[in-house]
Amino acid sequence: MSDSEDLPLALRKGQLNDHNPSADDDNIDDSGSDSDTPLGKRKRPAIRKKVIDDEDEDDEDIQSSDSGAPLIKRTRPAVKRKSYKDDSDDDDDGDESYDSPAASKKSNRSNSSLSEARDDSSDSDSDTPLAAKAKSLPKAKANGTSNGTNGTSRAKVAPKYKEESDSDSDAPLAKKAASKKSPTTKPAAKPLKTVKVKTEASSSASRKTMGSDDSKSAASKKRVKDEPDSKTKVKKMKKEEEEEEDEDENAWWLKEGGNEDDSVKWTTLTHNGVYFAPEYIPHGIKMLYDGKPISLAPEVEEVASFFGALLFTEHAENPVFQQNFFKDFSKLAKKHKTVPDITNFKKCDFTPMHEYFQKEKEKKKNMSKEQKQAIKEEKLALDESYGFCYLDGRKEKVGNYRIEPPGLFRGRGKHPKTGCLKLRVHPEQVTLNMSKDATVPKAPHGHKWGKIVHDDTKTWLATWKENVNDSTKYVFLAAGSSLKGQSDFKKFETARALKNEVGNIRQAYLRDLKDKKMFIRQRATALYLIDRLALRAGNEKGEDEADTVGCCSLRFEHVTLEKPNIMHLDFLGKDSIRYQKTMEVDEQVFKNIRLFKREPAQEGDELFDRLKTSELNKHLQSLMKGLTAKVFRTYNASFTFQDQLDKLTPRKGTAAEKLLAYNRANRLVAVLCNHQRAVSKGHAVQMDKIVDKIRAFKYQKMKLKKTILTLEPKLKKKQPELAEPESDLDDEWIEQHEVQLMAKEREKVKLKWEKENEKKKENKEKPLTEKELKTMLKEVDEREKELVKERKSGKVTGARGATVEKCEAQLLKLDERIAATRTAMVDKEENKQTALGTSKINYIDPRISAAWCQKYDVPLEKIFTKTLRDKFKWAMTVDASWEF
DNA sequence: AACCTTACTTAGCACTTCTTAA
DNA sequence: TTAAGAAGTGCTAAGTAAGGTT
């Protein structure tokens, strides 16, 4: 990877390998005293406190735990967990079917192409994180074409926006940034430019006027409805107008005074409370119990409906989901004295309800425009009343003002509580947070609010307790609000601060890899993984959560080593997304992990048994203010992105090519962070279709070439390529293809005949006879015979009036189409399981993107959607030279 | 435990592409 | 050949679960 070698950290290779060359083996520390057990003597404590201890005949190995008592806190039972790898055979509780859907789904996502170890001598000499480097870099390079799924095609049609830069706003942002960080940080450039999104519709017109402005636009929207034609146009204008809004008021990044103490979040806060899901309206569709329809009280019917709606989905097939649901459901049914008593899940048949919902969906789809419009208006009205609040007098958007409606809890992965009934939340359970003098919004009719508080150190407007996991839920401001923006800014500034410190920090942990104290060694090793692989911290988890891990909670079974220094990681991370990668690691890291895994290693034992995230973070805080484990993820993501963007973007190139580079850089970051998405269900089919499409093009090419040669046989010498067969086309396929073509042709003929007949019927004319249809079909037969002949002779007559020139023109067109289709295909394949959104939204400093847009003259709209532009307003005031 | 960020899935719709009719 | 409509895809925004940090 020559391109990563020029990175500044290249010099660290020496340090990394030469550092303390004598002390690099495992047993030097046998003598180490200290509260920490010396490494060599250390024994893997084998008694695992089982928090759940039912079925455990297994591994009751009695051995004394060493010195401290580190194990008590271990929450994960040591019950041998079958790793998800071999999901085909059983599972702790013998519930195969529970295991399999999830497991198979996940395994789809695993990135098989990544599994070979890369031999890449230049490992340590670059800043590029291992996880990205090990596989994705070469991968991305290997295929010349990728991404820009829509970029390419949409580029042509997308509305053209002008970007306007008003050059000289002053630079308080820079000041703020500079003042907040260590002096080494490069201030955010002096002459600030603003990337502003201007549209044809919105000129300077809609400045300010706050509140009234909005109600106006809402009113006019209603008017728009009955204006016949220009409807859509006006609608668009309105939309864009909104975008500009009260910019100055909320532009905190243009204002002075970054207050160091940010524990106080607001001085005044007023809002209209929250919106509750409407009460349940019974539909009266009866479920069957033991084959007979039964009547349910509305409350019971509602819950039955929750399940009915999910019938035939993965959830509804999941035994744990079923059990949890049924426990809550039968209890509720009993409470309402349902007859007969519902005691057996297997006797429940929810299909009538399911069918009903299917029909309702269909109905909804077929609603008239007016009905759909009415629904939209209703939503808008809600936004009007609950969608905004006033924070320090400024109007700000509220995020999730809707209290979560009741339903069945859909835990991800193997969540033990999945399927439990999530109860309806009532105003009495909700606490509101607002200014003391704010008008308390009316609670819904017949209800009162649980509590009203005035805590200016909190950003939430409302909170309630959810019944399934007993966790607290909040209503926060929207992502585009000043509060969120400020903390986003802060997050990225911390990451940039790390950029300046990371050299030292790396040096330190590399040194610590050989420390005599076990704890320090573990800490250093974990830090290495967090830094180089962008792993999450990995907090401890409770029993009633899905079994997922991060760095500190990795267990033995998640890591396998292969000499000389290759490490395989395979575990379920956040959201039960599988992390499965192989990479070369630092030699000492390799040794350490081997050491940690020393016998008697057991599945279920933690790799870093001395380490907790809190301790790791405490240490990090001592290295740099504000530094925590997650900052490394942000830092590495943004750094990698900037780095790759610089390398990949072509100076001269079309907008599409630049976008391609952007998306590739984005994708690398996504791979680094292991951001995945489910492969869409139709993916394979779609790919097959594309392959066939390309073949069909090639078939046409072949025919055209033969036509040319038939018309002008002399050309065979001049242009021998005309005689060459198309790749990827064999005789069998051609034959099949032609059969299909003819079949389609016949269908068409038939349809035409039928339609024509209908017309004649309407006009009271004599209908076409079957005979006529037959003659028409005969033409097709003729054509088919012709094709067969052509196949044998290799001579093709071609269409009427075919000339060599026309054919050649068509050939060129076909080549273009093939190329375009192929690009799209490669792109699609690469993208099928990588989710770019998460990194774009949370990890990549938006200022990198803003600067890039300026530098390469790409409109911001091409890379940020409306909501993202809104969220990143604060970042748009950088000039082209800004760097992370 | 509180509180805020990050993560994935999904509903709904916009955009493309394919068909059909003129 | 073009315009309009239908069907198929892909994207955005919403929703809420699941992380990290204090």
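The sequence lines fix the lettering, A, B, ..., with proteins before strands; numbering per chain opens at 1.
A donor and an acceptor atom, one from each side chain of N674(A) and Q676(A), are located under 3.5 Å apart. Remark: the E377(A) side chain and the Q373(A) side chain contain an N/O donor-acceptor pair separated by less than 3.5 Å. Side-chain contact annotation: N666(A) with S839(A), donor-acceptor N/O pair under 3.5 Å present. Side-chain contact check for N469(A) and S471(A): no donor-acceptor pair (N or O, by modelled atom type) lies under 3.5 Å. No side-chain N or O of Y275(A) forms a donor-acceptor pair with one of S385(A) less than 3.5 Å apart.
Nucleic acid contact for K364(A): sugar-phosphate only, since backbone atoms but no base atoms lie under 4.0 Å from a heavy atom of the residue. As judged by a 4.0 angstrom heavy-atom cut-off over every strand, R412(A) is placed among the base-contacting residues. Residue contacts shown for N539(A) include a base, since a base heavy atom lies under 4.0 Å away. Within 4.0 Å of T459(A), counting heavy atoms only, lie sugar-phosphate atoms of the nucleic acid but no base atom. Counting any heavy atom pair closer than 4.0 Å across all strands shown, F476(A) reaches a base atom. As judged by a 4.0 angstrom heavy-atom cut-off over every strand, Q621(A) is placed among residues touching the sugar-phosphate backbone only. Across all strands shown, G411(A) has heavy atoms under 4.0 Å from sugar-phosphate atoms exclusively, and none from any base. Using a 4.0 Å heavy-atom distance criterion, S487(A) is classed as a sugar-phosphate-only contact. Using a 4.0 Å heavy-atom criterion, one finds that K422(A) contacts the sugar-phosphate atoms exclusively. Nucleic acid contact for G538(A): sugar-phosphate only, since backbone atoms but no base atoms lie under 4.0 Å from a heavy atom of the residue. Nucleic acid contact for K417(A): none, since no nucleic acid atom lies under 4.0 Å from a heavy atom of the residue. Among the atoms of the strands shown, base atoms are found under 4.0 Å from some heavy atom of K574(A).
Position along DNA chain B of the nearest nucleotide to D470(A) versus T634(A) favours D470(A) as the more 5'-ward residue. Remark on DNA chain C: of its neighbouring residues E466(A) and T865(A), the 5'-side contact belongs to T865(A), judged by nearest-heavy-atom nucleotide. Heavy-atom distances to DNA chain C give each of A537(A) and F409(A) a nearest nucleotide, and the one nearer the 5′ end belongs to F409(A).
The phosphate of dA2(B) has OP1 or OP2 within less than 4.0 Å of a side-chain N or O from K465(A). Taking 4.0 angstrom as the limit, S471(A) places none of its side-chain polar atoms (N or O) nearer than this to OP1 or OP2 of dA17(C). One finds no side-chain N or O of K541(A) lying less than 4.0 angstrom from the OP1 or OP2 phosphate oxygen of dA18(C). Between Y843(A) and dT5(B), a side-chain N or O to OP1/OP2 separation shorter than 4.0 Å is absent. Dashed line: the shortest gap from a side-chain N or O of N617(A) to OP1 or OP2 of dT21(C) is under 4.0 Å. For the pair T867(A) and dT12(C), the criterion of a side-chain N or O lying under 4.0 Å from OP1 or OP2 is not met. A sub-4.0 Å separation between OP1 or OP2 of dG12(B) and a side-chain N or O of K372(A) is absent.
Taking atom NZ of K490(A) as the reference point, atom P of dC4(B) lies 11 Å away to the nearest angstrom. Taking atom CG of L461(A) as the reference point, atom C1' of dC4(B) lies 13 Å away to the nearest angstrom. Per the geometry, CG belonging to L408(A) stands 19 Å off P belonging to dT9(B), to the nearest Å. One atom, CG of D547(A), and another, C1' of dA18(C), lie 14 Å apart when rounded to the nearest Å. Rounded to a whole Å, the NZ atom of K379(A) is 18 Å from the P atom of dT12(C). We find that NZ of K491(A) is positioned 11 Å from C1' of dC4(B), with the value rounded to whole Å. The distance from atom NZ of K871(A) to atom P of dA14(C) is 13 Å, rounded to the nearest whole Å. Here dA7(B) presents its C1' atom at 14 Å from CG of L836(A), a figure rounded to the nearest Å.
Residue K376(A) has its side chain nearest to dC13(B) when only dT16(C), dT6(B), dC13(B) are considered. Considering only the side chain of R402(A), dG15(C) comes nearest among dT21(C), dG15(C), dT9(B). Set against dA2(B), dT6(B), dC8(B), the side chain of D575(A) has dC8(B) as its closest nucleotide. When each of dA2(B), dT21(C), dT5(B) is scored by its nearest atom to the side-chain atoms of Y474(A), the top-ranked nucleotide is dA2(B). For K630(A), the listed nucleotide lying nearest its side chain is dT21(C); candidates were dC8(B), dT21(C), dG19(C). The side chain of T628(A) lies closest to dT22(C), out of dT22(C), dT9(B), dC8(B). Taking every side-chain heavy atom of H415(A) into account, dA18(C) is the closest of dT21(C), dA18(C), dA2(B). The side chain of R536(A) lies closest to dA7(B) when the candidates are dA7(B), dA13(C), dA2(B). Nearest nucleotide to the E404(A) side chain, out of dT22(C), dT16(C), dC8(B): dT16(C). Here the side chain of K458(A) is nearest to one of dC4(B), dC13(B), dT9(B), namely dC4(B).
Aromatic ring centroids of H415(A) and F409(A) lie under 6.0 Å apart. Taking the ring centroids of F476(A) and W460(A), they lie at or beyond the 6.0 Å cut-off.
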Quick one, Y635(A) with Y843(A), criterion ring pair (Phe, Tyr, Trp, His ring centres under 6.0 Å). Give me CA distance, side-chain angles, the key distance, then yes/no.
CA-CA 8 Å; Y635(A) 158 72; Y843(A) 287 104; over 10 Å; no

